[in-house]
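All ligand and atom numbering here is 1-based and tracks the order in the structure.
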Amino acid sequence: MTDTNAEQSGPALSALLQERRQFAPPPELAAAANAQPGIYEEAAADPLAWWERQAEHLQWERPWDQVLQWDLPYAKWFVGGKLNASVNCVDRHVTAGNGDRVAFHWIGEPENDTRTITYAELQRMVCQAANALVELGVKAGDRVAIYMPMVPEAVVAMLACARLGAPHSVIFGGFSAEALASRILDADARVVITADGGYRRGTASALKPSVDLALEQCPDVRAVLVVRRTGQDVLWREERDHWWHELVERQPDTHQAEAFDAEQPLYIMYTSGTTAKPKGILHTTGGYLVHTSATHRLVFDVKPETDVFWTAADIGWVTGHSYIVYGPLANGVTSVMYEGTPDAGGQDRWWRIVEQYKVTILYTAPTTIRTLMKWGEELPAAHDLSSLRLLGSVGEPINPEAWMWYRTNIGRDRCPIVDTWWQTETGGILISPLPGITATKPGAAMRPLPGISADVVDNEGASVANGEGGYLVITAPWPGMLRGIWGDPERYQDTYWSRFAGSYFAGDGAKRDDDGDLWLLGRVDDVMNVSGHRISTAEIEHALVGHPRVAEAAVVGASDPTTGQAVVAFVTVKGEIAGEDGEALVAELREHVATTISPIAKPRQILLTPDLPKTRSGKIMRRLLRDVAEHRDLGDVTTLLDSSVVQMIDDKMRTAPGGAGDE
Ligand code: WTA
C-alpha cells in the first residue's frame, strides 16, 4: 500500500499527530445537535431497529414487512414498503405547509443570474416535467439519461424520473460524446435530457453537439428534451428533439404520483473501476432515501427552518445526487446550488455567495480547499462568513494542512469539520464524525456512523491493531448500499465481495490510530483520485492505445500538491519520432484523452519512451513507474527484464517538462 496520504503529507502529518491535536465538539453545539449522546451505543445495540427509526422520518405509502433481507451479496431493505422518492422530496413539504420555504437559491455563473425556487414551485416544475416524460412515453423502469449543466432543471429532471419510477442516469456534463454514448448504450436509455449548453469558466460551453454526436451510435434513443440555458445555436432533429420550454411548460402542473416498491431502481451512476469499462452502480429507492436523509440530518446537523446548506459539487457525481438532491430535499432544507467554478467573477466568488446567502453549512472537496489556500486567506478574510456553523469535506483524503486552513480561515476556529468518507457505491456517508458528539482530528474521518460496521483488516482479513494500517471493509449491509452493477452481476460479486469473505471491500487503505480512530489513506487499486474525481488508469490506457500512433501505454496516479493525484502516462509509439514532433504528439495525445473520455482525465504529463519496464513475466511495473513519476529513489530493480529501461525513463522524467509543480 504505497498510496497513503500519510506518506504524501509526511513530516507535517507526523508533527500534527505528535502534537495529538484534537478538537472537542463545542459544548453549545452538543446541546442543540441532532445527534444525541448515546446514539452510537443505541445503534450498536440493534442496528436494524435503529435504521427502522430513521426510515420513520420518511412518508411511506405502505409500511415495510421486514427491515432487511440479506442474501450475501444482495440486500433488500424495507421489504414490502412502498413510497415515492419525489413525493418525499417535494410534495410532503408542501402538504406540511412549507411550500413557501426556499428549496434552492440557484446561482448561475454569470453575475446576477439567479433564481429562487420554493418547494411549492419545485413541486409544480417536477409535476410538469413528469407529465412531459409521460407524453414522451416514459414508463416505470425505463432508463432516462440526463446530461446537464448545474441548472435547476437538472434537479427537476431527476425528480421527475423518480416520480415515474424511471431510473435516471446522470452523466457529468464534462464527459465527451464517446463517454456519453457508451453510458447511454450500457443503460439502454431511450430518452435523453440535456441543454444547449452551460456556463463554465466565464464562457458558454456546448452540450447539445455532444448529444447529437453520441446519438449517432445510439439508434434506440427516441426523444431528446433540451433546456435552453445559453441561447447558442443548436442543430435540431424535428422528429426527435423537444424544447423543454415548449413541451414541459405547457403541461399541467399537478401529477398524481404512484408509490413504488422500496427496491424500485432509482438511478444508475457510472463510476470508474479497475478496468477500462465504467461500472453502472445501481441504487434503489427506499434504503437509499433513508440513508441519505438520515446521514444528511445527523452528519450536517441540519435544521430545516434555519439552515442554508451548500454542497459545492456537481450533480453529475454521487455527491450531488445524495447531498444536493435527495438528502437535503428529503429533509426539506434550503440549499444553495451554484453553476460555475470557484473563480468565476473573481477568486472570492464563493465567499461572496456565503456572505450574501448566509450559508450555514459548506460541503466541498479537499482539492478545492487546497486551491482556495493557494489563492490566499485575504480573500475569505475580506468577507463576513459568520453565518457558517459547520464545514464538510468529501472525495479524497484531506491532508492536515488543508484541514487546519479550512478550520482557521473559513470556520474561524468555531465550526466543526466533518471529514466524510463514502463512495458512489455506498450511496451516502459511512464514516464521519458527528458534530456535537465526536471529537475531530485534522485529517481523520474518525469512526463509522451509527448503524455502520467497518473494520480495517490485513491481507488475510484479520482486524489490525490500533496504530496499524490495512484495507477498509464494511462488515454489515447498510441501507444506501449499491444493489449491483447494471447488467454485470459477476463483476459486482468479484469487485466488492470476493477479496474478504462476507465483507464489502471498498478499495481504500485505512489506518486505525492509537486511539482506534480511522484515517483514510487513498485507493489501493488502479483507480486514481484526481481533484476528487475517480478515474481509472485502465480507462486512460485504453483511450491512449486507441490512438493510431500509440503502441503501448501505462498510466499511473502521481501525488500532486493540489489535485491529490495527477495522471502521468508513459507511452511507446509506433514508428520514429523526431524532437519537435514529439511535443506535438504529446499535445495531440492529451487532447485525444480529453475527447475520448473527458478533460478531467487529461494526463498532466505524457512521457514518450522507447520501452516500458516489465517484469520477467511481461507485466508492466506500475509501482515502479509511479516511483519514477513521483521522483522517488528506485531501489532494487533487478526483477526487471531490462533494468536499463527504467533507468532511462527515470533520467528522462527528471529532465522532462510538465512534472509536479511545473504547471
Ligand atoms: C475517496 C465520492 C478519504 C475514496 C463520495 C473513495 C475519500 C473514493 C473520502 C470514492 C474521504 C471519498 N477521505 N478518501 N473523506 N471520501 N474518498 O465514488 O478513495 O467519487 O473510494 O465518491 O473517494 O469516490 P466516489
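- Note: Tyr288 and Tyr267 have perpendicular aromatic rings, judged against thresholds of 30 and 60 degrees for the angle between ring planes.
- The minimum heavy-atom distance between Thr438 and Met446, with the atom names listed, is CG2-CB, 4.3 Å.
- For the ring pair (Phe, Tyr, Trp, His ring centres under 6.0 Å) with Trp478, the lone residue among Tyr504, Trp50, Trp51 that qualifies is Tyr504.
- A donor-acceptor pair under 3.5 Å is absent between the side-chain atoms of Thr292 and the main chain of Tyr326, judged by distance alone.
- Closer than 4.0 angstrom to ligand 1 by heavy atom are Val318, Thr319, Val394, Gly395, Glu396, Pro397, Asp419, Thr420, Trp421, Trp422, Gln423, Thr424, Asp508, Leu520, Arg523, Asn529, Arg534, sorted by chain and number.
- Thr295 and Tyr323 share a side-chain donor-acceptor pair at under 3.5 Å.
- Of the charged side-chain nitrogens involved, none lies within less than 4.0 Å of a carboxylate oxygen, so that Asp488 and Lys277 do not count as a salt-bridged pair.
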